[in-house]
Amino acid sequence: MRIGVVRELSGDGYDIGVRARFSDTLEVLVGLGAEVVEVSCPHFTYALPAYYLIAPSECSSNLARFDAMRFGLRVGDDGEASAEEVMSRTRGIGFGPEVKRRIILGTYALSSGYYDAYYGQAQKVRTLISQDFAAAYERVDVLVSPTTPTVAFRLGEKVDDPVSMYLSDLCTIPSNLAGGPAMSLPVGLADGLPVGFQIMAPAFADDRLYRVGGALEAALEARRGRPFLDDAPPL
Amino acid sequence: MTPTATTTATIPTFDDAVARYEPVIGLETHVELGTTSKMFCGCSTAFGAEPNTQVCPTCLGLPGSLPVVNEAAVRFAVMIGLALNCSISPWCRFARKNYFYPDMPKNFQISQYDEPLCENGWLDVEADGKIHRVGITRVHMEEDTGKSLHVGGATGRIHGATHSLVDYNRAGIPLVEIVTEPDIRSPEVARAYVDELRELCRALTVSDVRMEQGSLRCDANVSLRPRTAPGEPAAPYGTRSETKNLNSLRSVERAVRHEIVRQATRLDAGLKVVQETRHFDEASGTTSAGRSKEEATDYRYFPEPDLTPLALTHEYVDAVRATIPELPAQRRARLAADHGFTPADIVNMRNAGVLDLVEETVAAGATAEAARKWWLNELARRAADAGVPPIGLAIGPFDVARITEMIADGELTDALARTVITGVLAGEGTPDEVVAGRGLKIVSDDGALAEAVDKVIAAQPAIADKVRGGKLNAVGPLVGAVMKAMKGQADPGTVRKLLLERLGQ
Amino acid sequence: MAITRDEVAHLARLSRLALSEEELDTLAPQLDVIIGAVARVAEVAAGDIPPTTHAVPLTNVFRADITGPSLPRTDALAGAPATQDGRFRVPRILDMDE
């Protein structure tokens, strides 16, 4: 089994603890007989901006059906308000701040005059990311990276700093854009919080995820002497 | 409200308007495809079902549902494209047209945007004794919306309604939108184009094209430009209005005609034509502008991410091409060449719903003229009386061919033939069986006829004397009396001849 | 390029979202930052690169023209905020094209 470490999914923005758990895990894989090499996927650095154009654009359209006409919440239907006004009131109250932010962002990115620069260009970047994956899978069987650059932040901590919040999706987005399968495996703790190890495979090669993930989970459990979940604090 | 020009200028006549301005007309026609199931789900497309009984999570746009393209809808659209001489795109996608409207379950319509399935075709249209070639810009696929019933206002109008009731049975029925080049120059050609397109779709059996049920609807873009002298370059196009949802051929012609006069009135008064959507009012025959938009609509088109692209192969397109039947224009040419029908004959027979029946009757042995005459007159009338289309009558092309044969052979008069038809329609059997059963053969030259002639002459001496005196026209009432006595079973020509002989003429 | 509060208000109308004054105040600068960050996609030279529209390169996924079961009407209407005469009852509609 040849395992590729994605060069672009590591470095300065990654917590020291996350990096440590990631290197430990690579050593376990080497111990299991895997060959670990570094591969470069140069366009992965553009995955995040591409995703935050594509996903909000499609969300703005996908969520349009939540309009208070056929199902769900209806607000402000006082017999005077028009359907248009009732839609707006209901959506204004029913959606949370992140959803509204994405709807507005997506509506903007799809607007005439902006489409080519934003949505259209993001879809081209998506093609380049798929090409990076294809080139990498010529050399290796699976790709690996940390699942997130940092451990979990506190609930609501970054709600007013969306760009920083979106950065936590950095590593998982490339597979989502390219349509390949990926798995996150808990591999230990940093600052008392779980660290995830991401395994990615080509489309329709999901079995590789289970083979690598299964072997790794068994090895980590053997080393700890107990399942990882036993260390979780009581709820 | 846009200022009405009628208050500031005299209204030109239509002829005056088109003498000075050249109308430039383009049409956008929506045709509902006659698939069994909807565009993206398995719900039935049958017209007239109880509201919201032909809906499912997909066509109701419920969260988590996904569309899958109905192959027949694509095939029908390709047939229309090929019949309109379009090129079929080897690769194209569906796109989402985003706007909020309660009759649209997802608040986007799955349509096509910059990659239509069919492009660059034409349709030849006959009007004013000439052929007009109308360019087809594109034919693209999309889904229909639901239908709203507006409650609480005047006569179901949207204005003044307190609320609306929505039925989504129609939502998701496949449509094609057929867009012409601005090639049309008169209301008559606009109407003829829609008529020809309707016949074309009917011949392809891809739609029932019933304008009154909305399965064919037309929007008319109309603008005017000053006419220029021959040899001078044409003036640039003027500003156009778009009159929506014309639902009869007559409305297409009237609405375009009204728009031409309305726009000419404005231009004469020094006013500009406003680019806007207008609505046609059947009752008054006029168009009216809608509420002006607060801001320009931005449909935010993007490729539909839930559907894969269409990549139709040459083999697929060729296989569809092979299924295209004779088209209306080809048929007209053939009918004229083979049977001598004039264009007017064909239009009359088509409008009466007897064209196929006439052809089949000719194939069964009748002459073209006899088949045309009997279907277009007597049989069309019987059908109208019975409230059924002619094809629904209990008499068919073989029966009619046999009846015309008996007339040609002198065995039946027209009057007797009508009695035979009554008998066939009453279920008394074939024409021969009815003739036998009712004893309807013409009595041409036997004692019974001679006796009847003598009796009538004896009963009407005054008229008989007139005829003897040389007034041949006076014989008419005597012929009628003999025919009556014979219960119609005589040939009027023979009766006339016999009477004149007896009266020394 | 800065995204203005007026632009956000226009986008909110277009997307049928009633936003409060406070929401408009916070969203405009946030969107400005986000758009600044995502605009990085423009750095990639991708002139002749075809855009992806579907993650899996499939074409011509069709279903046969066969009817399947529709929902019973009571189920179709079950989630509706209001119904009348077997139809979805909605507030008065402004004419789309007018």
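Heavy-atom basis, side chains included; hydrogens, waters and symmetry copies ignored. Below, read A as the first sequence line, B as the second, and so on, with proteins coming before strands; counting in each chain starts at 1. This structure is a prediction, so every number in the text was calculated from the model and none was measured.
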Anything in residues 39-57 of chain A with a heavy-atom distance to chain C below 4.5 Å? Please list those residues in order. A:His43, A:Thr45, A:Tyr46, A:Pro49, A:Ala50, A:Tyr52, A:Leu53

Whatever's closer than 4.5 Å to a heavy atom in chain A on C:Ala78 counts as neither

side-chain hydrogen bond (donor to acceptor under 3.5 Å, both in side chains) with A:Ser10: which residues, sequence neighbours excluded? none

Using a cut-off of under 4.5 Å on heavy-atom pairs, state which of A:Pro97, A:Ser61, A:Ala64, A:Pro162 scores highest against chain C. A:Pro162

Working for side chain to side chain contact (heavy atoms under 4.5 Å, CB included), residues C:Leu31 and A:Tyr108: CA-CA 10 Å; C:Leu31 285 170; A:Tyr108 176 80; over 6 Å; no

Checking A:Gln123 side chain against C:Thr52 main chain: does a donor-acceptor pair fall under 3.5 Å? yes

Taking the side chain as every heavy atom from C-beta outward, state whether A:Arg101 and C:Ile34 have any pair of such atoms under 4.5 Å apart. yes

So, taking the atom named NE2 in C:His54 and the one named CZ in A:Arg126, what distance separates them when rounded to the nearest 0.5 Å? 8.5 Å

Counting N and O atoms only, with roles assigned by atom type, does the side chain of C:Arg92 sit under 3.5 Å from a partner on the main chain of A:Glu80, one being a donor and the other an acceptor? yes

Structural part of C:Leu19 lying under 4.5 Å from a heavy atom of chain A: side chain

Residue pair C:Pro51 / A:Gly120: nearest heavy atoms and the distance that separates them: CB-O, 4.4 Å

Should we say atom CG of A:Asp161 is surrounded by more than 12 heavy atoms from elsewhere, each under 6.0 Å from it? yes

Between C:Ala12, C:Pro50, C:Gly36, who has the most heavy-atom pairs with chain A when the cutoff is under 4.5 Å? C:Pro50

Pick whichever of A:Gly92, A:Ala83, A:Ala68, A:Gly76 has the most heavy-atom pairs under 4.5 Å with chain C. A:Ala83

Counting only heavy atoms not in A:Phe153, do more than 12 sit closer than 6.0 Å to its CZ atom? yes

Are the side chains of C:Val56 and A:Phe204 in contact, using a 4.5 Å heavy-atom criterion? yes

Are any of the side-chain heavy atoms of C:Val90 and A:Arg74 separated by less than 4.5 Å? yes

For the residue pair C:Gln30 and A:Asp160, establish whether any side-chain heavy-atom pair is separated by less than 4.5 Å. yes

Only residue of C:Leu17, C:Leu11, C:Leu14 satisfying side chain to side chain contact (heavy atoms under 4.5 Å, CB included) with A:Ile103 is C:Leu17

So which atom in A:Gln121 and which in C:Val41 form the shortest heavy-atom distance, rounded to 0.1 Å? NE2-O, 2.9 Å

Heavy-atom distance under 4.5 Å to chain C: side chain of A:Ala109, backbone, both or neither? neither

Of all of A:Ser88, A:Ala81, A:Ser111, A:Gly180, which one pairs up most often with chain C through heavy atoms under 4.5 Å apart? A:Ser88

Step by step, would you call A:Tyr118 with C:Ile35 a side chain to side chain contact (heavy atoms under 4.5 Å, CB included)? CA-CA 9 Å; A:Tyr118 292 135; C:Ile35 288 161; 3.4 Å; yes

Distance check, rounded to the nearest 0.5 Å: A:Thr107 atom OG1 versus C:Arg13 atom CZ? 12.5 Å

If I compare all heavy atoms of A:Gly179 with all of C:Ala55, which pair ends up nearest, and what's the gap? CA-CB, 3.6 Å

Heavy-atom distance under 4.5 Å between the side chains of C:Pro91 and A:Met69, does that happen here? yes

Winner by heavy-atom pair count (cut-off under 4.5 Å) against chain A, out of C:Val33, C:Val38, C:Leu77, C:Thr26: C:Val38

Is there a donor-acceptor contact under 3.5 Å linking the side chains of C:Ser15 and A:Ser60? no

Quick one: what part of C:Leu27 sits under 4.5 Å from any heavy atom of chain A, side chain, backbone, both or neither? side chain

Need one label for C:Ala42: side chain, backbone, both or neither, based on atoms under 4.5 Å from any heavy atom in chain A. backbone

